[in-house]
> 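Let me begin by handing over the structure; questions about it come next.
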Amino acid sequence: NVLCDLVARLWSHLGPAIGDTIKTVVEPMFADLLPGPLKGLHFAKVDFGQVPIVFDNIVVHPLKDGTIQFDMDVVWDGACDIDLKAGALEFGVQNIKFFGRMQFVMNPLSDVLPCIGAIQYTFISPPTIDLDFTGIANVADFAAIAKIIQNVLDDIIASLLVLPNRMTFKMDPACDYRKAFVPPIGIARVTAISGQGFKVEKRHLIKDDVPDVYLKLKLGDKVWQTSMQKNNLTPEWNETADFLLSDNNQVLHVGAWDEDKGMLRSDDDLGKTSMTIAEILLEGKTKEVELLDSENRGTGAFVTLYCDVCRLKSDPKAFDTLPPSNHFGGLLTIIVTKAFNLPLSKEEAESFVKVKYGEKEYLTGVVVDVPDCPGWDCLNPVYDVSFLVPITPEHVKEGLPDVIFELQNGSNKPSTLGSLAVSHKSLLAAPENTIKAIRSIGEGGAKLEFHLSLHGIEAVDAAMGPPSNSLVAAESSMASTQGGMGHSLVAPDETPETQAILQAADELVKKVKKVNVTIIGGKGFKITKKKFGMKDIPDVYCTVKYGSSPKVWRTSTVKNNVSPEWKESEKYILSNENEVISLDAWDANRKGDDTHYGSFRVTVAKVLLSSGKIEMELLKKGANTGCFVTLSCFKE
């Protein structure tokens, strides 16, 4: 596509620019987040090599509420030369594999050039980053160090560039950030219903272990854990939790664990899976999914989840009732845009705003003087930041707190220039529970511009609540005869009203277009020589991802074959023909990690235009491998 062509031609300039930006942003965070001797970690060299980042799977959404949104995959598998140092510790990164789906929102729109007030960008869910470290053979316990660095990088990206966090670039310097702000679409209310297919762990000399199963669910930055169901191969939870939802394509991560008691025993991983909220909603809000092991093979264990999306509403009475445990009572949105007339000199200015709500504190960025930046004014600083604060049952029980703003100066030893409070009573009494204001803060003449809005949550229709276990059983039975891509949502013991609603949802599911993807075969895989003249004939399998879904499909392993044939298929929901099929090929090893042959990405449209069948060469670190995989597609 045009964007990829532009990036490829600009890469000799973009690579160094991205490297300088990463050094500027990440190095100070290393000092704050890394432990002990790693606090001094810094980049001695950053060279992103010759392989450019790829942007594809681009989806432009219909114009809505004066906003343009488009999403795209960001993919990179490139050789690089990055050196990191921390005292005597020195190591490097020789290859980076990166995948994430970005969202771009352009608003407000106008009839005056450039027509777009601001562009906000973020990753819909945390991206995956795989770093290939080098020069570490003599570093003891480096696996632990690498894991710490990886976790810190994940945390840095999540805090800046993963929903609900967004970065903003103003096309029009006069754009009001409050008009560009994109609120969440609602609350994802997720119910862990039940599980099946868990197995007894056979043990020698001691009693066999019947699993004590619990689930961990993660959406955005929130992690929720169900109760533990002791000694149960078919656990039932029927437990619900709320998650803040900014986009239906956000990924819900689910893991099942067997709780083990004892100081020397950790809980056993029973399998994991991921899906977008949209995937659950498109299957009638209830979805049974198989758990996968660390190598993306099915475990035979399944969990059933239900999800509903609750809308936000302006209603002062929404906080009169205590919400259940693990439910939100509402959402407080705090936007701090700018301050005026700071009683400081430009040389002294290092201002920021601290916002307090109950026991929580939130900080804006620090604004300092930048002499060479036209239009920059550190004495009338622009902060343009938002904070989303879920209202918890504790907030409602103890009484909603007031919102406290503190204008502070000084990055090392901050001093308070002034503070102001907005009572929850005044916020509930305001029109639509919203206050947009510029108010004096402190006695030095400074003022603060801010926005506060408080929303309750619309109640979910009881008829559309989580299904009964009999309904889940009926769905599972129907799914087994229909390939799991659409099934009856009506159980005999449901009320007529519920049956009518679920039948309508069932008809909607049947209208969803689907595409059948078949991995046919491969060629060009090579026999390698091992020690003592032994030959390693490849045992090849493929892993496949489709569109924006995080689900990984793994083919069977074809043993001892340089031209494997699979002829294995999977069905997917076809939102549009520009969705991308991403395939990786691997050599299964009995010991150690499997060997990665390479990968490719191709759109459904390209396959369909090739008479529904295409042969693609695998690429590794941006280079051709001589290995090919053939796949086919047809629409249903």
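Because the structure is predicted, anything quoted here is derived from the model rather than measured. Numbers here are sequence positions counted from 1.
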> Please indicate whether Lys447 has more than 12 foreign heavy atoms, meaning atoms of other residues, nucleotides or ligands, lying under 6.0 Å from its NZ.
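Result for NZ/Lys447: open.
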
> Could you tell me whether the side chain of Asn326 reaches within less than 4.5 Å of the side chain of Thr240, counting heavy atoms only?
no

> Going from CG on Leu163 to CZ on Arg166, what distance comes out if it is rounded to the nearest 0.5 angstrom?
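Rounded to the nearest 0.5 Å, the CG-CZ separation comes to 5.0 Å.
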
> Can you list the residues that meet the side-chain contact (heavy atoms from CB on, under 4.5 Å) rule with Thr392, with sequence neighbours excluded?
Glu394, His395

> Does Arg189 come within less than 4.0 Å of Asp308, counting only side-chain N to carboxylate O?
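No.
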
> Taking atom types as modelled, find out whether Asp71 and Gln69 have a side-chain donor-acceptor pair closer than 3.5 angstrom.
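Short answer, yes.
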
> Tell me yes or no: between the side chains of Glu350 and Asn409, is some donor less than 3.5 Å from an acceptor?
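No, no side-chain donor-acceptor pair sits under 3.5 Å.
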
> Is Ser314 reaching over with its side chain to a backbone N or O of Glu432, donor-acceptor style, under 3.5 angstrom?
yes

> When rounded to the nearest 0.5 angstrom, what distance separates CD1 in Ile391 from CD1 in Ile457?
9.5 Å

> Got a sec, which pairs hit ring pair (Phe, Tyr, Trp, His ring centres under 6.0 Å) with one end in residues 310-343, sequence neighbours left out?
none

> Please check if any side-chain donor atom of Ser426 sits under 3.5 Å from a side-chain acceptor atom of Ser423, or the reverse.
yes

> Just verifying a value: how many Å separate Gln94 CD and Cys80 SG, rounded to the nearest 0.5 Å?
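Nearest 0.5 Å value for the CD-SG distance: 8.0 Å.
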
> Can you tell if the side chain of Leu454 reaches within under 4.5 Å of the side chain of Leu400, non-hydrogen atoms only?
yes

> Show the numbers, then the answer: is there a side-chain contact (heavy atoms from CB on, under 4.5 Å) between Leu448 and Val353?
CA-CA 9 Å; Leu448 184 69; Val353 177; 3.9 Å; yes

> Would you say that Asp384 contacts Thr168 through its side chain, given a criterion of any heavy-atom pair below 4.5 Å between the two side chains?
no

> Which of these, Lys436, His451, Glu449, Arg178, sits in a side chain to side chain donor-acceptor pair (under 3.5 Å) with Thr337?
Glu449

> Counting only heavy atoms not in Lys313 (residues, nucleotides, ligands), do more than 12 fall under 6.0 Å from its NZ?
yes

> Any side-chain to backbone donor/acceptor pair from Glu90 onto Ala86? Under 3.5 Å, distance only.
no

> Within a strict 4.5 Å, meaning less than it, do heavy atoms of the Asn249 and Ile277 side chains meet?
no

> Between Asn165 (side chain only) and Ala158 (backbone N and O only), is there a donor and an acceptor less than 3.5 Å apart?
yes

> Using a 3.5 Å distance criterion without hydrogens, assess whether the side chain of Glu361 forms a donor-acceptor pair with backbone atoms of Tyr357.
no

> So which heavy atom on Leu322 is nearest to which on Pro393, and how close?
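For Leu322 and Pro393, the tightest heavy-atom pair comes out as CD1-O, 3.2 Å.
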
> Lys356: which residues meet the side-chain hydrogen bond (donor to acceptor under 3.5 Å, both in side chains) condition with it, sequence neighbours left out?
Glu406

> Is there a salt bridge (Lys or Arg N to Asp or Glu O under 4.0 Å) between Lys425 and Asp402? Walk through the geometry before answering.
CA-CA 8 Å; Lys425 290 183 179 179; Asp402 297 340; over 6 Å; no

> What do the steps show when you test Val59 against Asn578 for side-chain contact (heavy atoms from CB on, under 4.5 Å), and what is the final call?
CA-CA 8 Å; Val59 176; Asn578 287 321; over 6 Å; no

> Check Leu153 against Val26 and note the closest heavy-atom contact, atom names and distance.
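For Leu153 versus Val26, the nearest heavy atoms are CD2-CG1, 4.2 Å.
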
> Under 6.0 Å from the NZ atom of Lys346, do we count more than 12 heavy atoms belonging to anything else shown?
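It does not: Lys346 NZ has 12 such atoms or fewer within range.
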
> Can you tell me how far the CG atom of Asn433 sits from the CG atom of Leu427, to the nearest 0.5 Å?
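So the CG of Asn433 and the CG of Leu427 are separated by 6.0 Å.
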
> Is it the case that the side chain of Lys222 and the backbone of Asp242 share a donor-acceptor pair, with hydrogens and angles ignored and the cut-off at 3.5 Å?
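Yes, Lys222 side chain to Asp242 backbone: donor-acceptor pair under 3.5 Å.
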
> Does a donor on one side chain sit under 3.5 Å from an acceptor on the other, for Asp247 and Gln103?
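Yes - a donor-acceptor pair under 3.5 Å links their side chains.
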
> Within 45° of the six-membered ring axis of Phe43 and under 6.0 Å from that ring's centre, is NZ or CZ of Lys23 located there?
no

> So do the side chains of Val46 and Ile22 get within less than 4.5 Å of each other, counting heavy atoms only?
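Heavy-atom side-chain distance check fails, nothing below 4.5 Å.
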
> State, to 0.1 Å, how close Leu388 and Pro184 come at their nearest heavy-atom pair, and which atoms those are.
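Minimum heavy-atom separation between Leu388 and Pro184: CD1-CG, 3.7 Å.
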
> Answer yes or no: is there an ion pair linking Arg601 with Asp73, defined by an N-O contact shorter than 4.0 Å?
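Yes, charged N to carboxylate O under 4.0 Å.
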
> Minimum heavy-atom separation for Ala349 to Leu344, with atom names?
CA-CD1, 4.1 Å

> Would you find a donor on one side and an acceptor on the other, under 3.5 Å apart, between the side chain of Lys338 and the backbone of Val382?
no

> Got a donor-acceptor contact below 3.5 angstrom from the Trp76 side chain to the Val51 backbone?
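Answer holds: yes.
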
> Taking Asp81 for its side chain and Asp47 for its backbone only, find out whether a donor-acceptor pair lies under 3.5 Å.
no

> In chain order, what residues pass the salt bridge (charged side-chain N to carboxylate O under 4.0 Å, His left out) check against Lys97, with sequence neighbours excluded?
Asp584

> If a pair satisfies ring pair (Phe, Tyr, Trp, His ring centres under 6.0 Å) and one of its residues is in residues 96-119, list it, with sequence neighbours excluded.
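Checked against ring pair (Phe, Tyr, Trp, His ring centres under 6.0 Å) - neighbours excluded - the pairs reaching residues 96-119 are Phe70-Phe104, Phe98-Phe123.
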
> Tell me whether the rings of Trp11 and Phe48 are parallel (<30°), tilted (30 to 60°) or perpendicular (>60°).
tilted

> When you check the gap from the basic side-chain N to the acidic O, do Lys317 and Asp315 get nearer than 4.0 Å?
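Looking at Asp315 together with Lys317, the answer is no, because their closest N to O distance does not fall below 4.0 Å.
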
> To the nearest 0.5 Å, how far apart are CD in Gln408 and CZ in Phe352?
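If we round to the nearest 0.5 Å, Gln408:CD and Phe352:CZ are 4.0 Å apart.
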
> Side-chain donor-acceptor pair under 3.5 Å between Ser549 and Glu279, yes or no?
yes

> Judged by atom type as modelled, is there a donor-acceptor pair below 3.5 Å linking the side chain of Lys170 to the main-chain atoms of Cys175?
yes

> Report yes if the side chains of Asn95 and Thr134 come closer than 4.5 Å at any heavy-atom pair, otherwise no.
no

> Does a side-chain heavy-atom distance below 4.5 Å link Ile148 with Pro35?
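Heavy-atom side-chain distance check passes, below 4.5 Å.
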
> Between Asn107 (side chain only) and Leu109 (backbone N and O only), is there a donor and an acceptor less than 3.5 Å apart?
no

> Less than 4.5 Å apart, any side-chain heavy atom of Ile68 and any of Leu63?
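Yes, their side chains come closer than 4.5 Å.
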
> Between Tyr177 and Ser386, is a side chain to side chain donor-acceptor pair (under 3.5 Å) present by the stated rule, with each step listed?
CA-CA 9 Å; Tyr177 175 76; Ser386 59; 3.3 Å; yes

> How close do Tyr383 and Ser351 get, counting heavy atoms only, and between which atoms?
OH-OG, 2.8 Å

> Are the ring centres of Phe405 and Phe450 closer than 6.0 Å?
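Under 6.0 Å, so yes.
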
> Measure the spacing between CG of Asp369 and SG of Cys378 and express it to the nearest 0.5 Å.
4.0 Å

> Please find the pair of heavy atoms, one from Cys307 and one from Val190, that lie closest to each other, and give the distance.
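Scanning both residues, the minimum pair turns out to be SG-CG2, 4.1 Å.
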
> Does a side-chain N-to-carboxylate-O contact under 4.0 Å join Asp77 and Lys621?
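Here Asp77 does not pair with Lys621 in a salt bridge, since their nearest N and O are not under 4.0 Å apart.
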
> Return the set of residues passing side-chain hydrogen bond (donor to acceptor under 3.5 Å, both in side chains) with Gln120 (not counting sequence neighbours), or none when no residue passes.
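Result, side-chain hydrogen bond (donor to acceptor under 3.5 Å, both in side chains) vs Gln120: none returned.
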
